[in-house]
Amino acid sequence: MTGVRSIFLFVLLFFAYETSLARADVGKNEEFSEALLLRPLPDRKVLAHFHFQSTVPPTNSYGRHHHLFPKSIYQLVQKFHLREMELSFTQGRWNYERWGGYDPISSSNAKPPGVELWAVFDVPQHQVDASWKNLTHALSGLFCASINFLEHSTAYSTPEWSFRSSGGYLKYGTLPREAVCTENLTPWLKLLPCRDKAGLSTLMDRPSIYRGYYHSQRLHLTSNEFDSNGLISGVVLDQTLTIVLQPNIKGTGAIFSSGSTLQPSWSLSSLFGRKVGERCVLSKSSNVYVQLEQNLVSQLIKLGNDDKGSHHEVDISQNFVGDRGFAISIPPDRQIREVDRFDTGSLSILHQFSVENYSDLKPFDLEFRWKLPLVWSCRQAPLSVSRYLMGSGNERGSIAISLKSTRTSECMQNADSGASECWLRVDIFQVVPWYVKVYYHTLKVFIDERFQTVANAVERMHVVPSEDKVSPGVMELTLKLPCGVRSAALTVEFDKGFLHIDEYPPDANQGFDIPSAVVVFGDFETSIQFADDDYLHNIPLLSKLQEKSRVVSYTEVLLVPLTTPDFSMPYNVITITCTVFALYFGSLLNALRRRVGEEGRLLKTKATKETGKLSSLLARLSAKLRGKPWEPPEQSSSSASFFNRKLILKVLLVAGLAVAWQYYSG
Amino acid sequence: MAEKEPVKSKPRPIIRLGLFLMSHSLLVSVVCCTAGILALLLLPVLAKNTYISENALMPGSASPMLSSDDVSEASRFVDKILSLDSSSASLGIEIPRLIKQHITALGGEVNYHEFRSQLNTFRPLQFFASPDPGIIQENSSCMSYGLNTVGIIRAPRGDGKEAIVIVTPYNSRKVTAGEALSLGIGYSVFSLLTRVTWLAKDIIWLASDSQYGEYAGVAAWLREYHTPFFGGLGKLHSEICCEPSGFSEFETDAILETGISDTFRHAGTMAAALVIKVADSSSEFEKDALSIYAEASNGQMPNLDLVNIVNYLAVHGQNLRVKVEKIQSFLHSWWLRGLGGLFESLGKLARSLNPQWSFGISIAEYVEGSATLASSLYNQALGVPTGPHGAFRDYQVDAITMEFSRQLSPGYRNRQTEFLMRGGRLVEGVVRSVNNLLEKFHQSFFLYLLTSPNRFVSVGVYMIAFALLVAPLPMVAASLFSDASKLGSMNEQSTSGPFSKPALKFRSWKWLHAARTVLIVQFWGAFMTLLPYFYCHIPNSSPMTRLLIWIVLLIISLLLLWLNLGSIFSHGNNTQSQRTQWAYLKSVTIAAAFTGLCLMSVINFATAEIGALLLVPMCLMTVPMKLKGWTLRTSMQVACNLVLTFLGFPPVAFVVLKGALKGFDSISIGEFWTWMEALWEWNSATYVYICMVHLPCWVLCILTLLHPC
């Protein structure tokens, strides 16, 4: 008994030692962490953002054998010398107007529909294209998607500076029509050490996550394996899944005196249909966060003030959670507050819940219940972007990108506000497939509904015209708008090209896609700064939120109807060409072969031999056609009767065949 | 015998055939014209049943989801609209506001679209150009603003590349019960579609203001959608203008949409559009009825599949009685009945010969079919859209107007919800079907005539009639020309002897005089086309006076022309050359008519068809009145000519046709002018056809008739 106990103790001690060792060697070992961020959205929906991070130290210090880090990704990095790569699969559109466009989550996780892939390579310039091609094929196999269509040079482009500065090592491609399904999610989950068997990823019940209003699965990879000064961790793989879900609207019929209805309450089990049983034991941390946005917090504070008077303010602002506006079923382990840098008044709050103490028997199920109806709005990007086609018909049209100010004063403060000259810089990156022939000289800029010359309004511009069947057209430009701008618009005209018959995709009559334009607000950086705490930096999700990132918006995908041939046409074309050729060559041969003299002699001999009733009839008819009086030829031959019999036989045969046909087919 | 005559090179068979046809042109033209008219009359018999060509549509494969909750909600919405004080001046704002509130409550995006009433004006130079960004009239007053309300549902999992449009026109100044019901149908469908999960295309609900006509509001919105105007002066003006009329209030009630609530919203390429209307008059049938209007400008039709799915779902899904427009007076005409009887008996005869030949249709079917066909043909020929859906076709969007009419019965209240349920479910079914589409409509026919909601005549069949009608024209022209040139050469040979080669050389240039005449008359036609553009601005003139002005101008210009052209009649001094002159003239006239008709058949087939019916006999028959002595035959011919030429004058043709269809007592001459004005306001190609093809040919025929020979 004592032996057993001592062994047990030993094992325990060993594990304790192991874990302490692991902690001591932070940055040297592989690490995995998981987190889920939930955020109620103003339009009765809930944002769920899963974040998984795996890191591996550099190969030269750690070796090539891994316990946690996915081997396939590591091999990708090794083989293609990736410095950075991002692959996203998205279904649905991010609603910038309602779900916000300024916070770190929306600016880095709102992606265009379909597949977007960009990668920065650490290879000599002339090898970048080859690496990209191989990479697309590798990813295509890994994620069961048609990413290999990005291989062709018409499908990808090289942004110079607008998308992110890279100096020619960055390749960017999108597949707007790629459908996203579970077959893409499963390989993505395979990269996680616990797959979806344990931890937060057990929440990913396929029907519920694909029922959402937005679904974006992203894989982001950074590595400095090949840098000379590899200081930080070797390869960092961030996997995020961002979904917007609509909670069931049961039992929220209560209408309050103000006339507004209560937001639907939700819980993890009602959103996903599952609960978190056990954390993934391999993960360093597994937390669930509930984020309350700035504007929501300010509404809650206002609510508290209205209710209890202003002298309780401090007290209320500490304790309103679970008190007045809403209630959370589990007390949070920690409340993380944003640090005010600009005195904007309201700050967002994160409630942290650790999943570590839960098990299959006592699953973790967070419930969020609204008590009072609240109306708030998300922080918007400084300008809301929309892009649309103008014109109609199959010949030409134009693309318009319109930017409208969201009139949020705080954004304007953030901008570099020189006293008199205040400019707002907007980078626009637009790729256009080659069959949409954009005339870049027709670029027109309207600011506040007034025409501006391009030289006035555009600070920088970089245009790569498309080359037929070789490369797409790329337009990068930086608009320089005055800070008080209300609206701006950008139009470019284009002609619609023709494709070769075998270049048409299936369902060609649907039209052709113009991928999303990327609009980057370069002057704005978004981040949520929390109180300086070392603990927070150890949690990847929070450190991501604290990282400064640029505000990015994607525009809609456009559908250009091109002229499509009638695909049953080849048959018709073959028929008509054959007819035309037959006629043409027939008459040509006739003209070449015939000799007038010969003809006359032939006629003469024929006239002497002219026989038969039918031929005489024909002769009579032809004479009639020629308008000459008909002269009967001499009856001389005896073969007339024979000829007649043959003819009658033929006619009878044909008639018999016709009768038989009629009989049997009927 | 062959040895005796020198061997001539035999012409090619095709040339021989041509020569043969030319030499028998009279017979050929009579046969062809008769066959053409017969083929036209046969069209109802040849009509085929419609079928759904695009497999992806799958109409009716899903059971409707529109529940009674949606409908009762919509019914309440209708009552709210009807209870608004119709006398108050702010009704034009109240209804859009109500719609906006409801759309916002449903979670849809909403915006207003202001537009100016824009008079349709004839723009002769931009006739075939695509719709241009509207030139804004600066002096329009503030009161002339319409207000469309646009609600958009973004498909939850869609990519937003395509959209389906539902249009419910209503008059914001004075909303009728029918319009309120159509808004109710739109609302019920919209509220359902905000919740469904199967949506792949965005939904746009356009509650268009029809105070300046149903078309104007929709067209203005489409113009803004497709060709927005960034210059912006007009917008600023409108903001200033509408401030006092209560727009600032709107900002307060929309708390949800802070900031950008008034921007014009876009939602991808339009896949199809449905215009929903509810007639204020009750249907004459025992059930609720649905009328389908499909004709857009210049005889363009939406894809037949769209008509098919509406018809299929209405008949099989909602048990509605579907009808398309027909000319009522045809239903009681004795001659159609007679013809129908003939075809029926022929069909019976054929069936008795072979049971599989079942092309005969009953008399009633034939009469109905031909009445519908005539209406379809007329509406296409007119080139004026039959409803707001016409505006969509200008942007290559397939659109259709569905007009519901209620069966009036006691128990109005219950009927309203039932009616809303039916209408809503039908619209839902159509939207769902179009939503299934992967590609745009392209499978089925675009060129067709309807003979009933489920029968159609495709272009391959109905062009036979036109081809037969037009076929004799080139032959007659050629034969006239060859006869005249032969006669002329004989004439010259007889006068100047057989050895005058130069005369022979130049005989073929005789027709140039005739061609000059035709050209001048064509120019005159172009002038007449542009004429109303100049004097239509005369204020306070009735259609009658305008018509009189037009006729007077026409006669004056003709007289001037006559004086100018007088020279050509004095050209030939002997009868023989004058004889050839009129033959040349007629030949070139016929050639011009042929060219004009063929060109028109490309632009608007129905116009060409009807035009050929009028023009071909007139052109073929014309012979100078003084040609021969007054025998019975020539006097018959002259009488025929006079009647045909009289009928060929457009106002007369219009009045006679209208009188024949609706009775002569209800007709006034001025109506023709309103009709013409409608044509040129709607930019119809028919107007151009009448002025540039029909009228010149008519004048040339008169010239031939009056030819002094």
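These values consider heavy atoms only, across backbone and side chains, with no hydrogens, waters or symmetry-generated copies. Per chain, numbering begins at 1; letters A, B, ... match sequence-line order.
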Query - Which portion of A:Ala508 sits near chain B, non-hydrogen atoms under 4.5 angstrom - result: backbone

Query raised in the report: Do any N or O atoms from the side chain of A:Gln91 and from the backbone of A:Ala179 form a donor-acceptor pair under 3.5 angstrom?
Result: no

Query raised in the report: Considering only heavy atoms, which portion of A:Phe451 lies under 4.5 Å from any heavy atom of chain B: side chain, backbone, both, or neither?
Result: neither

Requested in this report: Name all residues meeting the side-chain hydrogen bond (donor to acceptor under 3.5 Å, both in side chains) criterion together with A:Thr174; count only those two or more places apart in sequence or in a different chain, and write none if there are none.
Outcome: none

Query raised in the report: chain B: which of A:Pro113, A:Gly391, A:Ala489 shares the most heavy-atom pairs with it under 4.5 Å?
Result: A:Gly391

Query raised in the report: Do the ring planes of A:Trp99 and A:Trp94 sit parallel (below 30°), tilted (30 to 60°) or perpendicular (above 60°)?
Result: perpendicular

Requested in this report: Could you list all the salt bridge (charged side-chain N to carboxylate O under 4.0 Å, His left out) pairs where at least one residue sits in residues 506-516 of chain A, not counting sequence neighbours?
Outcome: A:Arg177-A:Asp513, A:Asp513-B:Lys161

Report summary line: Cut-off 4.5 Å, heavy atoms of chain A, and the answer for B:Ala155 is both

Report summary line: So, the part of A:Thr491 with a heavy atom under 4.5 Å from chain B: the answer is side chain

Report task. For each of B:Ala267, B:Gly107, B:Gly268, tally heavy-atom pairs with chain A at distances under 4.5 Å, and name the one with the top tally. Result -> B:Gly107

Report task. Answer yes or no: is there a donor N or O on one side and an acceptor on the other, between the side chain of B:Thr269 and the main chain of A:Leu559, under 3.5 Å? Result -> yes

**Report entry** Backbone of A:Tyr554 reached by a side-chain donor or acceptor of A:Tyr96 within 3.5 Å
**Finding:** yes

Query - Proximal component of A:Asp448, with respect to chain B [non-hydrogen, under 4.5 Å] - result: neither

